[in-house]
Structures are given as structure tokens and as C-alpha cells.
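What follows is a set of notes on a single structure, which appears directly below.
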Amino acid sequence: MKFISTLLFIAFSSSSFAQVSSGSLFRSMRSENPAVISERPAATFAASYKIDKVEKKQTPTGAVTKSESEIDISTASFFYGGKGGGFFTTEISGELGSGEKTDKVTTSGTEETQKTEADLTMFNLAAGFMKNFGVGVIKISNENKQTSTSGNSTNEFDLMIYTVGLKFKLGLDFGLFYQHAPLETAGSQEIDMSRVGFGIGTSTKNFHLEIAYVMNLEDEREELGGGSGAGQNVAIHSPSKIMGTFEFKLGRLSLGITSNYYMEGFFDFNNLMYYTMVMANNKANRLENTFNFSLGGDKGSSFSAGVTIATVESTESPPTLLSGEKYKTTTDILGLQLSYAYAF
């Protein structure tokens, strides 16, 4: 099992997704299932800026003697969530991101350098009706420009996600959603990344506990190299994740943890650029933990700061090779985030 630990010391985590069966106690947490939007206790605006610095080092053998990558990602985001309790509640968020990646691979004494520049825009609009039904749409555009000693290339990704969700209570809280997500790449190639999720939990004004499962509806193929040509040696992956959330309030203090166990290359749509630049070649299972903390009243301003410190161990092919032998890879991640939230 591979681990990522995400530590948000004082966090209104506007870039995080949670909530499948119940609403979060943290009012700026975005809803994975739009049916729970109407449970937000107060209207909230939030803005944040985040910087990620990543270093990847491999332990190669044979002709490959060195493989290292340095990655810098910056993201600015905003969030607005309306106060629930009525017939109709909205949730709007957006994100602008940019990233730079430098790969250096030495093979048979010759070093090859590959540089990648990435830009991302994301817009999310969702609505909850009563406390049982919700719909949403997410538009994501991601462009990656690569320059290397062997040539230049540009990869463009356009992802439009349509979500419909339900929530109901039968003693416990139950939620389920479906996302239709056609991913368009350069050359108008379309990849079906649709997924379904369901969760079960319980919640009160001061307590929230739930567990959920989300899975892609289509398997993914990974070229492993070898054989007599493309498609002769492939691995089939079934991306999915298990998510658990535990939150509680003690007076003015709120504490919570959301754990995501990602399997076979699953990634959250709002982390598309991070996935393509950092985790695209890593199909190993991994655990990510997000800790949330807030101190204050139900309304007014909140300032927050966070830090992400993580080390991931995996086996991956060198970044300049599309397939072939995989080597032990160590990924060190450092992230810093500043946030502001206002509830009214």
C-alpha cells in the first residue's frame, strides 16, 4: 500500500470534494453528490491559493542510469455555496492552474531533458433541490506543452462532466450519483470516464460520519511494452476509490478527516492537472488523508493556512518512455495553501 498524508493545519479546503450521503460540517467543502448541497448551514464564499512542489527520483538499472523530475504547480480557486434549507440551493466554483515540469533521464551516458508547461481552467455549477435531488456540470480544460531534445508536442484535454445525484434517509443517510464524463483529447479522440458512486452515513448538527465508494464504468488499458507491437502486452485497470469522512463539533471547534483510498489509477476530476503531471504513470493503490480544523462562529470571516507533506513509493517507467521496464520511484510532495472564507 502506498501512502500520501495531507495535513491541513487550519483548513477551509475549498479544493476538496467530499459528501456523498450527507452534508459536511465544513461549509466550504464542495459536494461530490449535488443532492447534499441543500444541507449547507450557511451561505459561504471562499478563495484560496495553493503551491505544490514535487520531486521524483527513480532507482534505475541497466542502460538507464538516472531519472529525475521536478514539478511546480500553482492553483487559484474560488467557491460559493448557498445556504440550504429551501427548495433550491446553488454551488459555484472555479479554478485556474499552471504547472511546470522538468524531466531528466540519462540512458547509455546520454542525458535527455523534457520540459512540460501546463495550464488548467475549471468551472463547476451545481444545484440542489429540496434535500433529495441535485444536478451539476463541471467544465475542465487542460493543455500540456512538451519540449525535448527529440521534438515538441502539445496535448489538450477537454472534460465536460454532467452529474445527477439522489439522497434519502432510511434511518441512516443514503446517497448515490452518476457522472457522465466524456474526455476529449487532441485529434478529437474521446475517452469515456463516466463513473458512479454511492455512500451511507449518519449526520446531525454537530456530527458527520460516512463511507462511500466511487468507480469508473470503463476499464483503462496500460501499454507495458514488449510483445510484437502495440496492444500485445497491456494491463487492464479498473479505477475506483473508497472514501470515508468523520467530522464533529465541540462548541466553536470543528474537526474532521476525509480519507481517500485510490485504486488502480483513480483520480478526482478537480485534480486533473496534478494527476497528469505527477501521478499519471502511477497505478499503485494509495491513501490520501485530509485533516480539517476550524475555530469560530457559524458566520463571519475566517483565514486559514495549510501545508501538505507527502512521500509516495511506487514503480514507474521513466517519464521519457511511454512504456517499458518500471523502476522504484520516490515522489516527495510539499504543498502550501492560503485561504479565506466568509459565511453569511
Side-chain angles (χ1 to χ4, degrees), residues 3-33 36-50 52 77 79-81 83-85 91 93 167 169 172-173 175 199-214 241-262 268 270-271 286-311 333-344:
F3 294 91
I4 293 182
S5 293
T6 304
L7 307 179
L8 299 183
F9 294 143
I10 306 176
F12 279 93
S13 188
S14 62
S15 61
S16 297
F17 275 101
Q19 310 172 84
V20 175
S21 65
S22 310
S24 174
L25 299 184
F26 295 89
R27 50 186 181 259
S28 62
M29 187 80 78
R30 289 187 290 187
S31 307
E32 194 145 12
N33 178 4
V36 306
I37 289 175
S38 297
E39 295 185 346
R40 181 172 289 104
T44 303
F45 170 81
S48 68
Y49 184 76
K50 188 171 186 248
D52 290 295
S77 62
F79 169 89
Y80 169 77
K83 180 181 179 180
E91 186 173 282
S93 61
K167 179 191 180 303
K169 194 175 187 70
L172 297 174
D173 297 327
I200 182 173
T202 183
S203 62
T204 66
K205 182 179 180 180
N206 298 314
F207 178 80
H208 173 211
L209 174 67
E210 75 171 80
I211 186 169
Y213 179 74
V214 186
K241 77 169 180 176
I242 299 173
M243 181 179 69
T245 297
F246 174 59
E247 302 169 341
F248 63 94
K249 291 183 68 174
L250 293 173
R252 295 167 61 87
L253 175 66
S254 297
L255 296 171
I257 177 174
T258 294
S259 298
N260 288 281
Y261 184 57
Y262 297 95
D268 294 317
N270 66 310
N271 284 329
R286 68 188 193 277
L287 178 68
E288 296 188 10
N289 295 313
T290 301
F291 297 90
N292 293 308
F293 166 86
S294 68
L295 181 63
D298 293 333
K299 296 185 178 181
S301 296
S302 297
F303 293 91
S304 60
V307 61
T308 302
I309 302 174
T311 298
I333 303 168
L334 173 63
L336 301 174
Q337 178 172 313
L338 296 175
S339 303
Y340 168 80
Y342 181 79
F344 53 96

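This is a predicted model, so every value here is computed, not measured.
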Whether Glu32 and Lys241 form a salt bridge (side-chain N of Lys/Arg under 4.0 Å from carboxylate O of Asp/Glu) is what I want to check. yes
Measure across Tyr213 and Ile242 and return the closest heavy-atom pair with its distance rounded to 0.1 Å. CD1-CG1, 3.8 Å
About how many Å separate CG of Asn206 and CG of Leu250, when rounded to the nearest 0.5 Å? 8.0 Å
Can any side-chain N or O of Glu210 pair as donor or acceptor with the backbone N or O of Ser22 at less than 3.5 Å? yes
Nearest 0.5 angstrom please: Ser259 OG to Leu287 CG, how far? 5.5 Å
Please name the pair of heavy atoms, one in His208 and one in Gly23, separated by the smallest distance, quoted to 0.1 Å. ND1-O, 3.5 Å
So, taking the atom named OH in Tyr80 and the one named OG in Ser93, what distance separates them when rounded to the nearest 0.5 Å? 13.0 Å
Heavy-atom closest contact (Gly201 atom, Ser21 atom, distance): N-OG, 3.4 Å
Would a distance-only check, ignoring hydrogens and angles, find a side-chain to backbone donor-acceptor pair under 3.5 Å from Glu91 to Ile37? no
Does Thr258 reach the side chain of Phe246, with side-chain heavy atoms less than 4.5 Å apart? no
Criterion side-chain contact (heavy atoms from CB on, under 4.5 Å) on Phe207 and Thr202, from CA distance to verdict: CA-CA 8 Å; Phe207 178 80; Thr202 183; 3.8 Å; yes
What verdict does the side-chain hydrogen bond (donor to acceptor under 3.5 Å, both in side chains) test give for Glu247 and Thr245, after you've listed the backbone C-alpha separation in whole Å, the side-chain angles of each residue and the deciding distance to 0.1 Å? CA-CA 7 Å; Glu247 302 169 341; Thr245 297; 5.5 Å; no
Kindly indicate, with the supporting measurements, whether the criterion ring-ring contact (aromatic ring centres under 6.0 Å, His included) is fulfilled by Phe344 and Phe45. CA-CA 9 Å; Phe344 53 96; Phe45 170 81; 8.8 Å; no
Output, in order, the C-alpha distance, side-chain angles, deciding distance and verdict of side-chain contact (heavy atoms from CB on, under 4.5 Å) for Ile211 and Met243. CA-CA 6 Å; Ile211 186 169; Met243 181 179 69; over 6 Å; no
Straight-line distance of Ile333 CD1 to Thr311 OG1, nearest 0.5 Å: 8.0 Å
What are the two closest non-hydrogen atoms of Gly81 and Arg40, and how far apart are they? CA-NH1, 3.6 Å
According to salt bridge (charged side-chain N to carboxylate O under 4.0 Å, His left out), who are the partners of Lys169, at least two apart in sequence or on a separate chain? Asp173
Mind listing the closest non-hydrogen atom pair of Thr44 and Ala343 along with its distance? OG1-CB, 4.0 Å
Beyond-backbone contact of Glu39 with Lys167, side-chain heavy atoms, under 4.5 angstrom: yes
